[in-house]
Amino acid sequence: MTPYDKLIFELSKTGRVGYQLDKPLETSFNLADELPINLKRQAQANLPEVSELDVVRHYSNVSRKNHGVETGFYPLGSCTMKYNPKINEEMASLDGFKHIHPLQPEQSTQGSLELYYQTQEMLSEITGMAAFSMNSFAGAQGELAGLMIIKAYHEHQGNTHKTKIIVPDSAHGTNPASAAVCGFDIIEVKSNPDGTVNLKALKEVLSDEVAGIMLTNPNTLGIFEKDILKISKLIHGVGGLLYYDGANLNALLGVARPGDMGFDIIHLNLHKTFSTPHGGGGPGSGPVGVVKKLKDYLPYPAVNQKRGKYVFEKPKHTIGRISGYYGNFSVVLKAYSFIRSLGKENLEQVGRLSVLNANYIKASLQDDYHLPIKKHCMHEVVFDGLKDKSSGVTTLDVAKRMLDFGIHPPTIYFPLVFHQALMIEPVENESKETLDEFIGILKQIAKEAKETPELVKNAPYHTVVRRLDEVKAARNPIVKYKDIV
Amino acid sequence: MFKYFPHTEKDIKDMLEVTKVDSIDALFNGLPTKLGYRYDYNLPRSMSENALRSHFKQLEKKNQPLITFRGGGIYDHYIPSAISEIVRREEFLTSYTPYQPEIAQGTLQYIFEFQSMICELTGMDVSNASMYDGATASAEAMFMATAITKRKKILISEALFDGVKEVIKTYAKYRQIEVIEVPSKEGHLALDLSHLEDIAGLIVQLPNKYGLIEDFSLIAQKIKENKGLMIINSDLQVHSLIKSPREMGADISIGHLQSLGMPMFFGGAHAGFLATTKEHIRKMPGRICGLTNDIDGKRGFVLTLQAREQHIRREKANSNICSNQSLMALWATIYLSLMGKQGLKEVNEQCYKNSHYLEEQLLKLESFKRVYQGFYIKEFVIETTLDRNKLETYLIKKGFLSGIMLEEKQLIFSVTERRTKEEIDQFVCEIARFEHDTLR
Amino acid sequence: MAKVVEGLFYSKSHEWVKIEGNKAFVGISDYAQESLGAVVFVDLPSVGDSFSKDEVFGAVESVKAASDLLMPIKGKVTSVNEALLDQPELLNEDPYLNFILEVELEGAPDLSSLMDASTYLKESH
């Protein structure tokens with residue numbers, strides 16, 4: 001079957017419509033006549049003119065060129081590609097939540113406010129924090145808010161000399177980027193070979209100027225930061241704060257809480273740990289949580305409970321607004337539904353099952369793929385390319401060959417400490433059969449790399465497009481339809 | 001056993017054998033003993049689907065959907081039925097960011113179409129794959145302007161929505177950028193044209209918070225003469241008929257996309273957009289999709305110019321933004337495809353009729369007075385001698401959401417194409433009743 | 001193995017400089033272009049800009065990386081290689097023939113932290 005290759009503009013025909021509005025009001029007011037000449041648009045916007053069926057058919061065909069979690073295994077390390085439960089979608093489609101204007105008076109939105117507040121409370125319990133704000137749109141933004149809180153706190157304490165944030169060299173790029181956006185200087189600290197923070201190196205960079213440290217635990221290599229209590233003591237010792245990047249929280253559900261490890265501020269990714277759909281790159285939600293002493297710095301507006309009613313409040317020393325309204329309400333709703341569906345007893349199993357899955361993969365593939373860290377991993381495992389690299393087959397080649405078998409490749413070339421990194425995260429929803437199939441495919445590819453390396457190097461063969469020219473796209477960016485007509 | 005966990009006892013036994021550990025607990029033996037490896041949450045127990053449905057129905061009852069005459073950046077526009085059906089297709093809903101382009105051509109294609117349509121409406125050369133919302137897009141535009149001009153002062157119109165102004169100020173604080181508000185006169189921008197030499201740019205809004213639409217062309221010229229950037233925050237709906245931001249001289253065009261057929265949803269999830277000229281393409285934050293060929297010469301799409309982004313540049317990136325609001329960008333793309341050239345114009349024409357009709361009816365009442373003389377499409381300011389708080393409460397009891405309260409006896413009403421004559425007449429009738437009861 | 005050219009000086013950050021009297025040419029080494037991969041964009045400064053030693057004067061972008069360019073010696077830009085704007089791949093084809101900048105030296109050049117060809121060859125491998 002030839003893959004679908006049309007753009008919506010190419011289906012357009014003058015005069016076609018895909019909508020039907022009500023009949024206009026019968027009044028003498030007429031926009032066309034009364035529009036001031038100097039405001040009139042000159043060059044027409046070339047939007048498509050298509051029927052409703054054209055649109056539905058077009059996007060249905062376009063969708064088939066995508067792989068989703070429901071299509072097949074999606075072991076992207078650090079992304080926690082869980083099953084997105086349908087019950088969450090059903091709850092998000094209720095009219096009583098959909099058609100509420102954000103600027104309605106609080107007495108008419110108690111349902112939505114209660115949902116926000118209860119989610120905040122449950123996330124606080126899960127992570128060991130005192131309060132949460134749901135206003136951040138994504139992990140990166142939650143992170144930014146967290147760093148703003150660190151800055152505001154130190155300034156308020158009169159410690160304006162605290163200008164440095166420590167980031168391990170194994171950290172995800174958003175960490176230093178967010179810290180830089182916030183005006184901090186970054187100190188990169190060396191990791192041990194297993195990605196954990198090198199305590200000696202950390203002690204060397206400690207000073208009065210340290211405002212805080214950004215960590216994720218387990219770290220980006222899937223290894224638990226065993227010295228976390230020591231690190232916490234060291235950072236607190238110089239008056240710094242500990243920031244937790246919640247990207248890897250899945251390993252800790254039912255196991256331990258960041259708050260108990262000494263973290264003062266955390267951000268979560270509802271689209272990772274709490275099952276809300278990734279949507280092809282968003283919308284997500286990156287709520288930020290804090291310990292008691294930082295509550296007053298949370299973004300505005302905060303949702304609180306007062307005398308049995310839910311209200312918006314302005315925290316005393318708020319960092320300010322970070323979203324036009326209250327963040328991605330519809331996403332928070334789905335996470336709330338997820339937490340209530342799982343409940344205490346099932347949430348407590350998530351960490352255990354995802355860690356079991358990852359270690360099973362680790363044990364099964366260590367003969368074919370190079371395992372740089374031998375100890376038990378947490379919810380994700382990192383391999384550094386093929387064990388036998390003599391045929392010149394790279395991780396990129398292996399990833400492309402996986403596409404031919406209908407599975408989404410794991411995260412590749414991250415973390416940067418390994419040059420041929422393959423990071424696999426098999427979430428708790430995946431069965432032993434799925435994992436065995438995945439293991440089989442990877443073993444097969446390793447065999448092909450040895451016996452018929454050219455086959456792997458020129459993969460994929462069964463996808464709608466193959467080995468796209470990214471250099472061409474970057475040298476001469478063609479970014480809109482107008483560029484090609 | 002739980003429906004989302006497939007592991008049977010035998011599965012676990014077999015897996016532990018392969019992993020060469022005695023128990024799952026043993027996998028956590030590297031954790032500090034003080035922390036332990038099991039946590040007992042103080043949370044409610046699992047809810048069945050039936051219980052969850054009842055629970056949500058209870059929560060829903062505590063909300064009151066109203067017939068809306070309020071705007072302020074979020075509008076009750078017509079939502080075509082086809083959109084949610086397409087968007088919930090699992091290949092769109094559950095897929096990840098398109099870093100493996102061969103199996104994400106679906107996502108990449110709609111992003112390319114989205115970028116194309118944003119450029120058509122704004123007149124710009126390049127759009128990114130969407131922003132979180134219009135307010136954060138405005139803040140990112142400010143960062144672009146300060147990075148490009150290397151200046152640390154930005155002007156913003158006081159007639160931006162409050163939420164937008166506040167977000168800009170939050171972001172500016174952490175980069176030591178000085179934000180100066182430009183006052184309005186008679187609801188329009190009153191910019192002092194002297195002293196523009198050290199300004200990184202000016203951010204204005206169209207329609208502004210008073211609902212008024214003005215031509216910023218001359219002001220844009222002045223800003224550019226002083227080597228600053230003109231930044232226009234628009235409701236894209238209106239640009240089907242109104243001069244595009246490019247035509248007005250914008251260097252950066254941003255805005256909130258909720259008005260493109262997205263449910264109000266208590267403020268989110270929606271999306272924002274950011275578009276600019278060719279000159280500034282490499283200073284744009286966010287993801288960008290580009291067209292290219294594959295090894296067989298077939299047309300295909302990839303994320304491009306990624307070297308500017310956070311995951312590569314790290315602390316040297318222009319912005320820390322990682323995700324976009326992809327699925328909502330798809331929502332906007334489908335809306336624009338269905339409405340097309342003609343539909344958007346018609347929406348505006350109906351909004352115009354409806355809002356002017358409401359204004360006309362209100363001015364017939366004793367307690368209402370016109371405020372501004374400018375041109376508006378779907379939102380207008382009106383002054384009243386009535387107690388606005390009591391009026392709001394009264395109208396909510398009758399099922400209506402009245403206008404936003406501004407300073408000094410003013411209300412701002414918004415009427416979209418969704419409001420029928422019956423609804424508008426009934427709304428005015430209730431206000432008249434309230435007026436009558438008050439004046440008695 | 002990446003090439004070096006005799007007579008040039010090399011910085012730790014893989015730029016090269018060729019001194020000709022009170023002028024100098026600046027570019028990136030073969031090792032640099034190899035590590036970057038296919039160059040897609042070069043961010044050039046303007047003629048007349050002045051930079052001190054080790055100051056960032058521009059950037060080179062490939063699909064997978066973006067690298068700041070650091071000035072190996074103090075100088076004022078007298079010309080930039082505009083061919084790189086349309087054909088950034090020239091840096092991959094011949095990074096020594098295709099210079100990035102020409103500068104006028106400001107005072108005697110400080111060569112202290114720079115390496116000669118053979119030292120750089122050893123250091124970068």
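So that the names make sense, note that chain A is the first sequence line, chain B the second, and so on, each numbered from 1. In this text the structure is predicted, and so the values were computed from the model without any measurement.
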Just checking, any donor-acceptor pair under 3.5 angstrom between side chains of [X] and [Y]?
X: Y357(B); Y: E26(A); result: no
X: H67(A); Y: Q105(B); result: no
X: T94(B); Y: N84(A); result: no
X: Y352(B); Y: E34(A); result: yes
X: E346(B); Y: Y19(A); result: yes
X: Q325(B); Y: N328(A); result: yes
X: N63(B); Y: S112(A); result: yes
X: R321(A); Y: T170(B); result: no

Let me know if [X] has heavy atoms under 4.5 Å from chain A in its side chain, its backbone, both or neither.
X: F5(B); result: both
X: F56(B); result: both
X: A135(B); result: side chain
X: T136(B); result: side chain
X: E247(B); result: side chain
X: L241(B); result: both

Could you label the plane-to-plane angle of the F29(A) and H356(B) rings as parallel, tilted or perpendicular, counting under 30° as parallel and over 60° as perpendicular?
->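 Tilted.
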Can a salt bridge be assigned to the pair R88(B) and E89(A) using a cut-off of 4.0 Å between side-chain N and carboxylate O?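 Here R88(B) does not pair with E89(A) in a salt bridge, since their nearest N and O are not under 4.0 Å apart.
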Worksheet entry | NZ/NE/NH1/NH2 to OD/OE distance under 4.0 Å, E91(B) and K65(A) |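 Salt bridge between E91(B) and K65(A), a charged N being under 4.0 Å from a carboxylate O: no.
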Given a strict heavy-atom distance threshold of 4.5 Å, which part of H408(A) is in contact with chain B: side chain, backbone, both, or neither?
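Answer is both: backbone and side chain atoms of H408(A) are under 4.5 Å from chain B.
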Next on the checklist: Between L147(A) and chain B, with a heavy-atom cut-off of 4.5 Å, which part of the residue counts as in contact: side chain, backbone, both or neither?
Outcome noted: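 Contact with chain B involves no heavy atom of L147(A) at all.
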- Strictly under 6.0 Å, is that where the ring centroids of F266(B) and F97(A) end up?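 That pair fails the under 6.0 Å test.
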